[in-house]
Amino acid sequence: MEEEKAKSLNFIEEIINEDLKNGVYHKVHTRFPPEPNGYLHIGHAKSICLNFGLGKKYNGQTNLRFDDTNPVKEETEYVDSIMEDVRWLGFDWEDRLYYASDYFGQLYDYAVILIKKGTAYVCDMSAEEISETRGTPTRPGKESPFRNRTVEANLNLFARMKTGEFPDGSKVLRARIDMASPNMHMRDPVLYRILHANHHRTGDEWCIYPMYDFAHGQSDSIEGITHSICTLEFEVHRPLYDWFIREIGLYAPRQIEFARLNLSYTIMSKRKLLQMVRENFVNGWDDPRMPTICGLRRRGYTPESIRNFAETIGVAKRDNVIDMSLLEFCIREDLNKRSNRIMAVLNPVKVILDNYPEDQVEEMECINNPEDETKGKRKVPFSRELYIEREDFMEIPSKKFFRLSEGGEVRLKAGYIIKCNRVIKDPGTGEISEIHCTYDPLTKTGMPESNRKVKGTLHWVSAKHAVTAEVRLYDRLFIKENPDDTEEGKEFTAYLNPDSLKTVTAFIEPSAKELAPGEKLQFERLGYFCVDKDTIPGKMVFNRTVTLKDSWTKSEKK
RNA sequence: UGUCCGAUGGUGUAACUGGCAACACAACUGAUUCUGGAUCAGUAGAGUCUAGGUUCGACCCCUAGUCGGACAACCA
């Protein structure tokens, strides 16, 4: 069994196995290192599942570390949401919660080591000057006039940077590497900048903050990380990552890069998600149309489905765009097994059973989940006046229409077979207002006659017993793929789907009253829904998680 | 006119490290069903970016191209 699994290792596992075999490392210790500057999205979920999954698979450990080296972008709100989301996904960092800001003192000492070695210096150039003298990818940069300051001068200046003597932007600490390096990141990168800003954890203790490159590898090293897994854009940073470790003389983790997740019709940039929230294109980070973990959660996704999705998409180094239909498959697969069925009518038309006694009410027995016997049954009231879905009736049926039509028969789920006799239309609009039918008393579910073949089965709700509810029909937020391509300034407005959120008032069978926020169910033939957090007694609110298979694309094709 | 990385069906990921390209999603067909769902059975779809080379044999190794991505924040 173990050997069979060994056949389909991903490239990261191959590297790890190789390292373990060669004794480069003797254990596996990974970390998930988000910057607390926004909410986590499905792309982070891939990384979380990867890192924590590897930790578990190799009987190792995984840390949660906040990469909080830029106080102007980071907030406690984000820290809290990230911890909540990681936990919700089902992962546990146990007692290994860290912050890069925990290492500010240590990092400062590392910088001093470099200064003493002559491989770091204080530079007085402005950001613009540094940028100009860095050159371009194809042209080498120019050396800073401050590059050859003495160790003593650098030590003195760096200490004074720390004490707050200099204004923001007036000086930086840079590594002294190679201004002609073909790798831009090796052209005397900035290690520390002056930022008189309040940090969400260290407050005003520091006014100089390390850059990502100077903090990340060292943080990995301090924590004893063996495999530091990050996304592809950090590939060109790896020489620098290794350079700092070597130059300071630290234990060396191995950085491995993988391709980040792209989902069709979905924006996965934190910056743009933030913009969507700030400019009210959506109603917050947990808007169910958002690809954020909290959005998916509110939408009705389960942690299991997301973990399974991450597992299914795999991990590699080539750019990829995963089709939404795979994510949808994963959630349907999970919800199909776990969610109870319930009857709801979103777009009602009244059906009157002319031969059904005026005041009679029957309790029809319904199976809660045909996929799971243990979920039991429930009673649903049935009476003379019902609602069915308007689309489930067609006066003149087309050849492939299996549902109710004039003169035709259809089965009401868990009820009777009915036959349509006539329809009444609104004289003004011409719209059908009532469908008059007769029911066949011998065809009640369970009775011998009920086995009679009829072409279709409809879901229904008793008009006088139904509960009304607000149902939010979430669709994809974007109608075009790769909205990232749009020009600056209107990144995604052009692609926004005006129908991404439709709200209808639906009629639902009375058992809906018992549901609590967060509960997931399948509206018979309509899709998977969950009870929204906005639900309060007397006002039910449902979110559509996902439609049943294919109906989006089918309706698109029409 | 640079450095680094990548290239396998419509989409993703595999291929025992050189042995006749597999799995999942999507698509299609049929069976079944009191959900046009689910389930079950089946079909189609790539010869692995190109051109050379090594080899009995190449998705895998070598050479040269082509195409795509990343890199020029005091962001991460």
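Chain letters run A, B, ... following the sequence lines, proteins first and then strands; every chain starts at 1.
- Within the cation-pi definition used here (under 6.0 Å to the ring centroid, within 45° of the axis), K171(A) qualifies as a partner of F166(A).
- The side chain of R193(A) places an N or O atom within less than 4.0 Å of a non-bridging phosphate oxygen (OP1 or OP2) of A76(B).
- Closest-nucleotide positions on RNA chain B for S170(A) and K400(A) were compared, and the one nearer the 5' end corresponds to K400(A).
- Ring to ring, F329(A) and F309(A) are not that close: their centroids are 6.0 angstrom or more apart.
- Comparing the same atom, C1', in U48(B) and in A15(B) gives a spacing of 11 Å after rounding to whole Å.
- Across all strands, E524(A) comes closer than 4.0 Å to base atoms (heavy-atom distances).
- In terms of phosphate contacts, S131(A) brings a side-chain nitrogen or oxygen within less than 4.0 Å of OP1 or OP2 of A73(B).
- As judged by a 4.0 angstrom heavy-atom cut-off over every strand, D67(A) is placed among residues touching the sugar-phosphate backbone only.
- E391(A) and N347(A) share a donor-acceptor pair across their side chains, judged by distance under 3.5 Å alone.
- Comparing A44(B) with G10(B), their C1' atoms are spaced 13 Å from each other, to the whole Å.
- Of the inter-residue distances, the one linking C207(A) atom SG with L195(A) atom CG reads 9.0 Å to the nearest 0.5 angstrom.
- With P as the reference atom, A58(B) and G65(B) are 24 Å apart, rounded to whole Å.
- Look at D220(A) and R65(A) and you find a salt bridge, because one of the NZ, NE, NH1 or NH2 atoms lies within 4.0 Å of a carboxylate O, short of that distance.
- Within 4.0 Å (heavy atoms only), L232(A) reaches no atom of the nucleic acid at all.
- Counting any heavy atom pair closer than 4.0 Å across all strands shown, A414(A) reaches a base atom.
- The distance from the CG atom of N451(A) to the NZ atom of K453(A) is 9.0 Å, given to the nearest 0.5 Å.
- Between F66(A) and P34(A), the closest side-chain pair of non-hydrogen atoms falls below 4.5 Å.
- Nucleotide A70(B) has U3(B) as its partner under the Watson-Crick or G-U criteria, with both atom distances under 3.5 Å.
- An OP1 or OP2 oxygen of U33(B) is reached within less than 4.0 angstrom by a side-chain nitrogen or oxygen of K453(A).
- What separates CD of E235(A) from C1' of G6(B) is a distance of 8 Å, to the nearest Å.
- Comparing C62(B) with A73(B), their C1' atoms sit 41 Å apart, to the nearest whole Å.
- In terms of phosphate contacts, T136(A) brings no side-chain nitrogen or oxygen within less than 4.0 Å of OP1 or OP2 of G2(B).
- Using a 4.0 Å heavy-atom cutoff across all strands shown, F329(A) reaches sugar-phosphate atoms only and no base atom.
- Note on V454(A): nothing from the nucleic acid sits closer than 4.0 angstrom, heavy atoms only.
- Residues S325(A) and E128(A) each lie close to RNA chain B; by heavy-atom proximity, the contact nearer the 5' end of the strand is made by S325(A).
- The shortest distance between the side-chain N/O atoms of R525(A) and the OP1/OP2 oxygens of G36(B) is below 4.0 Å.
- Annotation: G69(B) and C60(B) have their P atoms spaced 24 Å apart (nearest Å).
- Summarising the geometry, the separation between NZ on K142(A) and P on A72(B) is reported as 19 Å, rounded to the nearest angstrom.
- For R139(A) against G2(B), no side-chain N or O and base N or O form a donor-acceptor pair under 3.5 Å.
- Within the structure, every side-chain polar atom (N or O) of K455(A) is placed at least 4.0 Å from both OP1 and OP2 of U35(B).
- Scanning atom types as modelled, no donor and acceptor separated by under 3.5 angstrom connect the side chain of H237(A) and the base of A70(B).
- Across all strands, N10(A) comes closer than 4.0 Å only to sugar-phosphate atoms, never to a base (heavy-atom distances).
- Here Y192(A) lies out of heavy-atom contact (under 4.0 Å) with every strand.
- Annotation: U43(B) and A26(B) have their C1' atoms spaced 15 Å apart (nearest Å).
- With a cut-off of 3.5 Å on both Watson-Crick or G-U wobble distances, the partner of A27(B) is given as U43(B).
- Spacing between G47(B) and A7(B) at atom C1', rounded to whole Å, works out to 16 Å.
- Within the 4.0 angstrom heavy-atom criterion, no nucleotide atom of any strand lies near M343(A).
- Nucleotide U33(B) is matched to nothing when pairs are restricted to Watson-Crick or G-U wobble geometry with both distances under 3.5 angstrom.
- Here, C61(B) and U55(B) have their C1' atoms 10 Å apart, quoted to the whole Å.
- Ring geometry for Y78(A) against Y39(A) counts as perpendicular: the plane angle is over 60°, on a 0 to 90° scale with 30° as the lower cut.
- Counting non-hydrogen atoms under 4.0 angstrom, P239(A) reaches nothing in the nucleic acid.
- Between the side chain of E371(A) and the base of U39(B), no donor-acceptor pair of N or O atoms lies under 3.5 Å.
- Using a 4.0 Å heavy-atom distance criterion, V190(A) is classed as a sugar-phosphate-only contact.
- Remark: R134(A) is in phosphate contact with C74(B), judged by side-chain N or O atoms under 4.0 Å from OP1 or OP2.
- Remark: C1' of U13(B) and CZ of R260(A) are 20 Å apart, rounded to the nearest angstrom.
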